[in-house]
Trainee: 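To start, I am sharing the structure in question, which I have written as structure tokens.
Computed from a prediction, not measured in an experiment: that's the story for all the values here. Note: hydrogens, waters and symmetry copies are ignored here, and every other heavy atom, side chains too, is used.
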Amino acid sequence: MRSVCRSEKKGRRLGFVPTMGALHEGHLSLVRAAKKQSDVVAASIFVNPTQFGPNEDFSQYPRTFERDYELLKNEGVDFLFVPAVSEMYPRGAVTWVTVEGLSDKLDGRSRPGHFRGVTTVVSKLFHIVEPDIAFFGQKDAVQLVLIRRMVRDLNMPVEIVGCPIVRESDGLAMSSRNAYLSAEERKSATILNCTLREIKQRFDPGERDSARLLSAGMEIFQQEPGARLDYLEIVDPETLDPLPAVQGNALVAVAGYVGTTRLVDNL
Ligand code: PAF
């Protein structure tokens, strides 16, 4: 992959879209952004075992390679990297990339080791593909914060672009994990976005106190018996520390379980 990317690049701008496959419109929006902002586009499909906890869904994670391949080809992706686990993690691999102090917040608190797996695999993919610019979804907002910080701290010569969340018509953020939801759960899942919308509705006319904004959101979330809250927080979008009040930029992030499926959303 490295030699193909190097030889085909020939001074052109190489865009990269890393994915775990099970592609949906959210991923395709990343590819379209990459096509607009780069001359050559590479993508990867790799269900990365190190970002799944021992009781998480690594083995059940949807794998739809034939369909993904067609979708990427139709979008005009030039190179697709689909490594085996043994290629990415040769026996005896013990080196990790950890964004200290951020990797254990929000999703990292509920999923110990998750972000260490993400930042390690993304840095490995960057070393292999050597992109000039890489595209990630804003849906995984915390992941995006950590990747930006890793790139800055380790002087990686890659520009990181965050692309807007793509939603279903009822507001549910697109996610490969939505495929796990039964029809009943699919209805319950909209509660994440309803919660965020309630917070925005209080924020727009002037409420700035985080505790009041969060309790308004919480009240909405609790109306859905089919969902269990993991966290609802208003944080500084760089440090991920809770903000007592919203004065400048803020990230409102929610995570919850619908049945056994863990979903995230943010604004
Ligand atoms: O967002 C994802 O799909 C994954 O976390 C990523 C960035 C491809 C790393 O495995």
Trainee: Side chains of Tyr61 and Asn48: do they bring a donor and an acceptor to under 3.5 Å?
Mentor: no

Trainee: Please collect all side-chain hydrogen bond (donor to acceptor under 3.5 Å, both in side chains) contacts where either partner lies in residues 11-20, sequence neighbours excluded, each pair once.
Mentor: Arg13-Glu159

Trainee: I'd like to know if Asp39 and Lys9 make a salt bridge, using a cut-off of under 4.0 Å between side-chain N and carboxylate O.
Mentor: no

Trainee: Do other residues, nucleotides or ligands put more than 12 heavy atoms under 6.0 Å from the CD atom of Gln60?
Mentor: yes

Trainee: Through direct or indirect side-chain contacts below 4.5 angstrom among Ile, Leu, Val, Met, Phe, Trp and Tyr, which residues connect to Val77?
Mentor: Val17, Leu23, Leu28, Leu30, Val31, Val41, Ile45, Phe65, Tyr69, Leu71, Leu72, Leu80, Val82, Ile133, Phe135, Val161

Trainee: Can you list the residues that meet the side-chain contact (heavy atoms from CB on, under 4.5 Å) rule with Val4, with sequence neighbours excluded?
Mentor: Glu8, Phe79

Trainee: Apart from Met174 itself, which Ile, Leu, Val, Met, Phe, Trp or Tyr residues share its cluster (side-chain heavy atoms under 4.5 Å, direct or through members)?
Mentor: Val166

Trainee: Have a look at Val97 and tell me which of Val122, Val121, Val118, Thr119 forms a side-chain contact (heavy atoms from CB on, under 4.5 Å) with it.
Mentor: Thr119

Trainee: Should we count CG of Asn249 as having more than 12 external heavy atoms under 6.0 Å?
Mentor: no

Trainee: If I take atom CG from residue Leu172 and atom CG from residue Asp265, how far apart are they, to the nearest 0.5 angstrom?
Mentor: 7.5 Å

Trainee: Would the number of heavy atoms belonging to other residues, nucleotides or ligands and lying under 6.0 Å from CD of Glu87 be above 12?
Mentor: yes

Trainee: Is it true that the NZ or CZ of Lys124 lies under 6.0 Å from the centre of Tyr89's six-membered ring and within 45 degrees of the ring axis?
Mentor: yes

Trainee: Applying ring pair (Phe, Tyr, Trp, His ring centres under 6.0 Å), name anything that partners Phe81, two or more places apart in sequence or on another chain.
Mentor: none

Trainee: Which is it for His27 and Ser176 under the side chain to side chain contact (heavy atoms under 4.5 Å, CB included) test, yes or no, and what are the steps along the way?
Mentor: CA-CA 10 Å; His27 296 110; Ser176 304; 3.5 Å; yes

Trainee: Evaluate the criterion salt bridge (Lys or Arg N to Asp or Glu O under 4.0 Å) for residue pair Lys35 and Glu75; output intermediate values, then yes/no.
Mentor: CA-CA 8 Å; Lys35 291 290 288 180; Glu75 292 294 334; over 6 Å; no

Trainee: Taking only residues two or more places apart in sequence or in another chain, which ones pass salt bridge (Lys or Arg N to Asp or Glu O under 4.0 Å) with Arg197?
Mentor: none

Trainee: Just jot down the side-chain hydrogen bond (donor to acceptor under 3.5 Å, both in side chains) partners of Asp230, sequence neighbours excluded, or say none.
Mentor: Ser110, Arg262

Trainee: For Leu232 and Ile199: C-alpha separation, side-chain torsions, deciding distance, then whether side chain to side chain contact (heavy atoms under 4.5 Å, CB included) applies.
Mentor: CA-CA 11 Å; Leu232 174 63; Ile199 291 177; 4.0 Å; yes

Trainee: Looking at residues at least two apart in the chain, or sitting in another chain, which of them share a salt bridge (Lys or Arg N to Asp or Glu O under 4.0 Å) with Glu207?
Mentor: Arg212

Trainee: Run the numbers on Phe115 and Val99 for side chain to side chain contact (heavy atoms under 4.5 Å, CB included), then give the verdict.
Mentor: CA-CA 8 Å; Phe115 285 125; Val99 183; over 6 Å; no

Trainee: Taking only residues two or more places apart in sequence, or in another chain, which ones meet Ala141 in a side-chain contact (heavy atoms from CB on, under 4.5 Å)?
Mentor: Gln138, Leu251, Asn266

Trainee: Show the atom names and distances, to 0.1 Å, of all donor-acceptor pairs under 3.5 Å that link a side chain in residues 144-157 to residues at least two apart or in another chain.
Mentor:
| residue | atom | partner | partner atom | Å |
| --- | --- | --- | --- | --- |
| Arg148 | NH1 | Ile160 | O | 3.0 |

Trainee: Under the side-chain hydrogen bond (donor to acceptor under 3.5 Å, both in side chains) test, which residues partner Ser215, sequence neighbours left out?
Mentor: none

Trainee: Is the closest basic N to carboxylate O distance between Asp170 and Arg186 below 4.0 Å?
Mentor: yes

Trainee: Mind checking side-chain hydrogen bond (donor to acceptor under 3.5 Å, both in side chains) for Arg177 and listing every partner two or more places apart, or none if nothing turns up?
Mentor: Asp57

